[in-house]
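Comments concern the structure below.
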Amino acid sequence: MASLWDNPHVSQLRSHAMEILDYMRAELEASKLGLNWTLALIVLLSIIPAILLHRWWSGRKLPPSPPAWPILGHLHLLGTHAHESMAQLSQKYGPVMYLKLGSQDSLIISSPEHAKEIFKNHDLIFSERPKLIVLDLLVTNKQGISFQSMNPSWRNLRKIFTMEMLSPKRLQEWQPIRARELNHMLSSLFEYSEKHPNCPLEVKAKLWVLTTNITSIMLVSKKYFSDEYEKESDEAKEFKYVMEEMLHLVGSIFPADCLPFLKWFDLGGFEKRTKILYPRFQNILTEILKERRAKRKEVGEAYVDVDLVDVLLTHQEKGGDVPVTEGNIRGVVWDAFAGGTDTQLTVMEWVMAHLLKDQRTMEMVKSELDSVVGKERKVEESDIPNLKFLEAVVKETFRLHPPVPLLVPRESTHACDVAGYVVPAGTRLFVNVYAIGRDARVWEDPLQFKPQRFLDGSRKHVDLYGQYPELMPFGTGRRICPAANMGLLQVCMFMASMIHAFDWSLPEGIHPDDLDMTEAAGITTPMATPLQAVPTPRLPAHLYRLPSS
Ligand code: HEM
């Protein structure tokens, strides 16, 4: 980071002050004034540069900003979809924009160049997460990875999480679980299509069962869900309710976060809901940990870790310089459930919607699948690197519908310079990857769904791992999503399997042009109207049978 003294104005001021000081010293010696006078003058003269420096710093400009209202600042300019409002405002006020959200200073970045500048020059300054009321209430969430400060505990947990859940070796070890659960879903879709030919189903609901089961098996070796909600156990229903409500609350803007004086009023009842929910969430985790500890005790030394909770418990037992606490374990379990479900579901629902809207592209995906996989077997994970067109479809969907459109907000720990503007300490950073993905300066025909752009031309090499600021749905820098590899693998694998095994069509009477492509409001952006589609099997019937049946 450039030091303040590197700035030409500052160093000029400094050398003037030094010259004056030298001159005064010489004069003092010549006039033989007393020591007290000398000291007083030195103190006085050292204050002058500080005052000048302060004036210079405070005279520098904040980034451009719309006219603000008293108290509300710019809050009134944000609609239900903050990323869309911010994208529109930045058309007028530029890609580096300052908003005052109530009392909260906020920096909105909407261009790849400035996103790159921030993460290249100031990633460390912007690596803290904001202190939100919801996190004070959901105490353990702050002790996991996503919302913890950048301290040794965060580093340790991120390392354990990456090595023990997401390393290539681990991903390979979990493969049979993904395959088994995926087969369950394909088989249940087949049964459904036999029993209810030409009847639509909610695509996301099916994918929810699949992704949540896989996540919960990896975390706690537990499969909570079956295909029919009515048949769910009370435990599964409670789990589903608590997770959905928690995600909703974490993604909501509590009015008092922007206007602290509202803390006494709990507008919208968010605090009350959070306080009721938290013990229910803790009860679920307490049960999981109680069962697991009992099992570990029963088996004794011969016990082998089978999932992430086990790994964390082992680290806890071992102790070490950076201990893993009970709160850390609960926090990481929450991170994986929250981070790992809605994000993937959102992008998969949009992939299906775009392909149903654009049947020509759907046919191209199928034709690639038929040539790489054929119709005599199901898709396997080893096929994924060969499905280049599908990969382009997934990238194009991430471009138009990044599941976390403003990334997870960060907050600056020190003042810094961005694009020549001053950004005070404590400023909240929103990188609008939604706006960047639709920027006409960056993308040709930005609003059109054109996967080919990733197969030829200048975007051919763009990947999703945080190296290309024009496309970074997983974020970048120190806080980049640690599970991007797993998320992408699952999205590609599930989409490939669903499209390979079934012909999908829109419900009768819905024309592709009439499909509602609006986004729901929230921290993630699924379709406002959940996608309904009709599956028709396209493989030989025996391929849908489960091995045991
Ligand atoms: C399509 C799938 C996914 C998307 C689009 C996504 C997106 C993101 C984004 C945008 C961030 C914030 C990055 C930043 O601040 O720069 C993030 C952080 C995180 N994600 Fe993901 N994610 C996905 C899947 C997952 C999965 C499957 C898991 C876990 C099983 C996960 C766990 C996390 C965690 C723990 C963090 C916090 C990292 C930190 O603060 O150090 N994510 N993710």
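Values below: every heavy atom of this structure, side chains too, minus hydrogens, waters and symmetry copies. In each ligand, atom 1 is the first atom listed, and ligand 1 is the first ligand listed.
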Kindly write out the residues that satisfy salt bridge (Lys or Arg N to Asp or Glu O under 4.0 Å) with Lys222, not counting sequence neighbours, or none if the list is empty. Glu235, Glu291
Under the salt bridge (Lys or Arg N to Asp or Glu O under 4.0 Å) test, which residues partner Glu519, sequence neighbours left out? none
When you measure from the side chain of Arg410 to the backbone N and O of Arg428, does any donor-acceptor pair fall under 3.5 Å? no
Is the ring centre of His401 less than 6.0 Å from the ring centre of His354? yes
Starting from the N and O atoms of ligand 1, find every protein N or O within less than 3.5 Å and list the pair with its distance.
unit_1, atom_1, unit_2, atom_2, d
ligand 1, 15 (O), Arg129, NH1, 2.9
ligand 1, 15 (O), Arg129, NH2, 3.1
ligand 1, 15 (O), Arg410, NE, 3.4
ligand 1, 15 (O), Arg410, NH2, 3.4
ligand 1, 16 (O), Arg410, NH2, 2.6
ligand 1, 40 (O), Arg129, NH2, 2.9
ligand 1, 40 (O), Arg479, NH1, 2.9
ligand 1, 41 (O), Trp154, NE1, 3.0
ligand 1, 41 (O), Arg158, NH1, 2.8
ligand 1, 42 (N), Gly339, O, 3.4

Glu368: what forms a side-chain contact (heavy atoms from CB on, under 4.5 Å) with it, not counting sequence neighbours? Val372, Leu387, Lys388, Phe389, Leu390
Minimal heavy-atom distance between Ser153 and Asn328, with the atoms involved, is OG-ND2, 3.6 Å
